[in-house]
Trainee: 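Here it is, the structure in full.
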Amino acid sequence: MKLETIDYQAPDSAARFVQSLRDTGFGVLSNHTIDKTLVETIYSQWQAFFNSDEKQDFLFKAETHDGFFPASISETAKGHSVKDIKEYYHVYPWGRIPDSLRDNILAYYQQANSLAAELLSWVEAHTPAEVAINYSIALPKMIEDSHKTLLRILHYPPMSGDEEMGAIRAAAHEDINLLTVLPAASEPGLQVQTKTGEWLDVPSDFGNIIINIGDMLQEASGGYFPSTTHRVINPEGMDRNRSRISLPLFLHPKPEVVLSDRYTAESYLMERLRELGVI
């Protein structure tokens, strides 16, 4: 089994994309609407930012969770005891962003959100009626004007050789949100776990957009769409000396959106953040 790359412009792209999500939890699109040159520029600009001391001026605020998160307080994936080898920056349109980086990153945020709303409409259109009846409102409406949707710029630094035993760039985890939209990173390493437990490399050709299901869509669809375990493995050989920049957009519904009989988007998010030790 392998993940196929689907041409966004193809007449059957929506049906094939949603089937891929259903089968694997992931979909990979080429020939899409996001500006590849903009993504390339962002990777370059933010690599320079992470290499600089300026990042320390934007340390995250615990009450708002925008800004720079150093490696020393990086996430520990649920069920793991060792921190991931990464640092990152949280971008919200309302949050703090370095002036020199603002225009490009917000342009990308808008492009990715627009594509995401379309992809959610594809998911809804190809959801069986007996499953779709569980959606409290239309899926694209769940994220409309949401101030919770998070753009994270991730920096995985070169391997130093003295990493903590068992630490990898991103330990196996599932995402919390509805969908995650991710341009192929500056370096490979992303893997998805199949239903039989094997790990598959996610196609990382630059220009691809990678989409995966999060726990909230799994919850809203009553498990029809699976939130799939994925990880970022450590590079080997000469690639150990290379940084990796990644740009996931985590689509979060408005807090009051009802996901299921058990959860609103807000109550689900708070439960998961407590599990992660973030709050």
Trainee: Could you pull out all residues at least two apart from Asp12 that satisfy salt bridge (Lys or Arg N to Asp or Glu O under 4.0 Å)?
Mentor: Arg16
Trainee: On a heavy-atom basis, which atom in Ala71 and which in Glu87 lie closest, and how many Å separate them?
Mentor: N-CB, 3.8 Å
Trainee: Take Gln191 and Asp201 through the side chain to side chain donor-acceptor pair (under 3.5 Å) test and state the conclusion after the steps.
Mentor: CA-CA 5 Å; Gln191 294 185 325; Asp201 291 326; 2.9 Å; yes
Trainee: Does Phe60 have any ring pair (Phe, Tyr, Trp, His ring centres under 6.0 Å) partners at least two apart in sequence or in another chain, and if so, which?
Mentor: Phe69
Trainee: Please list, chain by chain and in numerical order, all residues satisfying side chain to side chain donor-acceptor pair (under 3.5 Å) with Thr149, sequence neighbours excluded.
Mentor: none
Trainee: What heavy-atom pair brings Met142 and Val257 nearest, and what distance separates the two atoms?
Mentor: CG-CG1, 3.7 Å
Trainee: Does the ring centre of Tyr88 sit less than 6.0 Å away from the ring centre of Trp46?
Mentor: no
Trainee: Any side-chain donor-acceptor pair under 3.5 Å between His32 and Asn208?
Mentor: no
Trainee: Are Tyr135 and Ser221 close enough that a side-chain donor and a side-chain acceptor fall under 3.5 Å?
Mentor: no
Trainee: Identify, with sequence neighbours excluded, every residue that meets salt bridge (Lys or Arg N to Asp or Glu O under 4.0 Å) alongside Arg22.
Mentor: none
Trainee: According to the side chain to side chain donor-acceptor pair (under 3.5 Å) rule, which pairs have a member within residues 99-111, sequence neighbours left out?
Mentor: Gln45-Asn104
Trainee: Return the set of residues passing ring pair (Phe, Tyr, Trp, His ring centres under 6.0 Å) with Tyr43 (not counting sequence neighbours), or none when no residue passes.
Mentor: none
Trainee: Among all residues two or more places apart in sequence or in another chain, which pass the side chain to side chain donor-acceptor pair (under 3.5 Å) test with Asn51?
Mentor: Gln47
Trainee: Between Glu198 and Gln193, is there a donor-acceptor pair closer than 3.5 Å when you use the side chain of the first and the backbone of the second?
Mentor: no
Trainee: Decide if the gap between the ring center of Phe49 and the ring center of Tyr89 is smaller than 6.0 angstrom.
Mentor: yes
Trainee: Can the ring centres of His90 and Phe68 be said to be less than 6.0 Å apart?
Mentor: no
Trainee: With no hydrogens and no angle check, do the side chains of Asp7 and Ser30 hold a donor and an acceptor under 3.5 Å apart?
Mentor: no
Trainee: Just jot down the salt bridge (Lys or Arg N to Asp or Glu O under 4.0 Å) partners of Glu54, sequence neighbours excluded, or say none.
Mentor: none
Trainee: Is there any salt bridge (Lys or Arg N to Asp or Glu O under 4.0 Å) pair reaching into residues 109-131, and which pairs are they, with sequence neighbours excluded?
Mentor: none
Trainee: How far apart are the closest heavy atoms of Ser20 and Phe26, and which atoms are they?
Mentor: OG-O, 2.7 Å
Trainee: Walk me through it: do Asn113 and Leu251 pass the test side chain to side chain contact (heavy atoms under 4.5 Å, CB included)?
Mentor: CA-CA 8 Å; Asn113 258 294; Leu251 294 174; 3.8 Å; yes
Trainee: Would a 4.5 Å heavy-atom cut-off, applied to side chains only, mark Tyr156 and Ile85 as touching?
Mentor: no
Trainee: With side chain to side chain donor-acceptor pair (under 3.5 Å) as the test, would you mind laying out the steps for Glu271 and Tyr263 before giving the verdict?
Mentor: CA-CA 10 Å; Glu271 178 178 294; Tyr263 292 106; 2.8 Å; yes
Trainee: Among residues at least two apart in sequence or on other chains, which ones pass ring pair (Phe, Tyr, Trp, His ring centres under 6.0 Å) with Phe50?
Mentor: His155
Trainee: Quick one: which residue pairs count as a side chain to side chain donor-acceptor pair (under 3.5 Å) with a foot in residues 248-260, not counting sequence neighbours?
Mentor: Glu219-Ser260
Trainee: Is the cationic atom of Arg96 (NZ for Lys, CZ for Arg) positioned less than 6.0 Å from the six-membered ring centroid of Phe58 and within 45 degrees of its normal?
Mentor: no
Trainee: Could you walk me through whether Leu120 and Leu179 pass the side chain to side chain contact (heavy atoms under 4.5 Å, CB included) test, one step at a time?
Mentor: CA-CA 8 Å; Leu120 282 172; Leu179 288 180; 3.6 Å; yes
Trainee: Determine which pairs satisfy salt bridge (Lys or Arg N to Asp or Glu O under 4.0 Å) with at least one residue from residues 38-53, sequence neighbours left out, and list them in order.
Mentor: none
